[in-house]
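Reviewing the structure listed below.
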Amino acid sequence: MPKLSSTRLQVNWTGSPRAPGLTVVLVGDDQASQIYVQSKVRMAERLGLHGEVERLPDDASEADLLARIAALNARDDIDGILIQLPLPAHIDALRVMAAVDPAKDVDGLHALNAGRLFHGDDALVPCTPLGCLRLIKSIRSDLTGAHAVVIGSSNIVGKPMAALLLQEQATVTQTHIHTRGISSICRQADILVSAVGKAGLVRGDWIKPQAIVIDVGTTRVEKPEGGYAVCGDVSFDEAVQVAGAITPVPRGVGPMTIACLMENTVKAAKARAARLQ
Ligand code: GUN
């Protein structure tokens with residue numbers, strides 16, 4: 001494999017070149033979140049970006065977190081800020097997202113970036129749906145008129161996924177766990193994206209032959225022999241018999257999320273450097 005660190009990426013920052021900088025903020029010690037955060041920062045370093053983690057204890061107050069965000073907003077060497085979710089229940093995630101400088105919002109969760117995405121304007125777009133779109137377009141480059149069904153309506157995946165597919169001229173049906181007749185709606189999908197977090201929800205007979213199936217779900221399921229397995233929303237063994245293309249869980253969408261986070265960080269760094277030169 002080529003040594004990526006040998007071509008270090010730099011942005012010209014008021015005359016002095018430096019690597020784009022990413023800070024991931026982790027509140028608490030959730031094990032899965034710790035692994036995700038490490039993967040993000042390690043990939044940043046591998047690509048020649050500057051990556052760092054800021055940790056706060058589980059009982060940190062919302063005011064503590066907002067103060068950290070204000071300090072990161074003010075740092076010239078940090079271009080991207082990601083607040084790892086989920087946050088502890090006593091912290092209001094929407095207020096926290098609103099505190100991140102929209103120019104550094106590499107998660108695309110600030111209302112300004114979400115609004116820009118819905119207006120079809122240039123935006124920092126949430127990494128997971130952006131990665132899903134890249135996967136879909138690697139199989140089918142023109143989505144005009146395709147029927148895309150999205151299961152899930154979260155701010156981080158379901159809603160921006162639907163907006164991105166709409167922008168590609170797909171006909172989009174947004175569904176969620178309360179949607180009636182969901183299996184027959186899914187059976188009409190040329191493109192099916194599931195982001196619910198309910199292991200094995202989507203069965204083989206929900207899938208239209210040759211459909212593109214993207215599984216964003218990751219649920220930890222206890223194995224009968226002990227230990228845990230990470231399972232997707234889609235019953236993979238059934239769906240793979242019917243679909244034209246399908247992502248596995250794990251190692252399907254996950255690496256694309258990280259790749260798009262790197263892309264967003266470089267995009268934010270270039271935009272900030274251009275603005276401040
Ligand atoms: N937790 C799981 N996925 C994500 C993500 O893409 N962004 C953030 N901020 N938290 C997450």
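Order of listing sets the numbers, starting from 1, for every ligand and every atom in it.
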Give the minimum heavy-atom separation between Pro20 and Asp79, together with the two atoms involved.
-> CA-OD2, 3.3 Å

More than 12 non-hydrogen atoms from neighbouring residues, nucleotides or ligands closer than 6.0 Å to NZ on Lys198, yes or no?
-> no

Partners of Ser141 by side chain to side chain donor-acceptor pair (under 3.5 Å), sequence neighbours excluded?
-> none

To which residues is Val240 joined in a hydrophobic cluster, defined by side-chain heavy-atom contacts under 4.5 Å among Ile, Leu, Val, Met, Phe, Trp and Tyr, whether direct or through other members?
-> Val149, Ile151, Ile177, Ile182, Ile185, Leu192, Val196, Leu201, Val202, Trp206, Ile207, Val213, Val234, Phe236, Val242, Ile246

Write 'none' if nothing qualifies; otherwise put on separate lines each N/O atom of ligand 1 with a protein N/O atom under 3.5 Å away and their distance to 0.1 Å.
| residue | atom | partner | partner atom | Å |
| --- | --- | --- | --- | --- |
| ligand 1 | 1 (N) | Gln84 | NE2 | 3.1 |
| ligand 1 | 1 (N) | Leu85 | O | 2.9 |
| ligand 1 | 7 (N) | Asp107 | OD1 | 3.2 |
| ligand 1 | 7 (N) | Asp107 | OD2 | 3.2 |
| ligand 1 | 9 (N) | Ile83 | O | 2.7 |
| ligand 1 | 9 (N) | Asp107 | OD2 | 2.4 |
| ligand 1 | 10 (N) | Leu85 | N | 2.9 |

Does any donor atom in the side chain of His176 or Gln174 lie under 3.5 Å from an acceptor atom in the other side chain?
-> no

Contacts of His110 meeting side chain to side chain donor-acceptor pair (under 3.5 Å) (sequence neighbours excluded), chain-then-number -> none

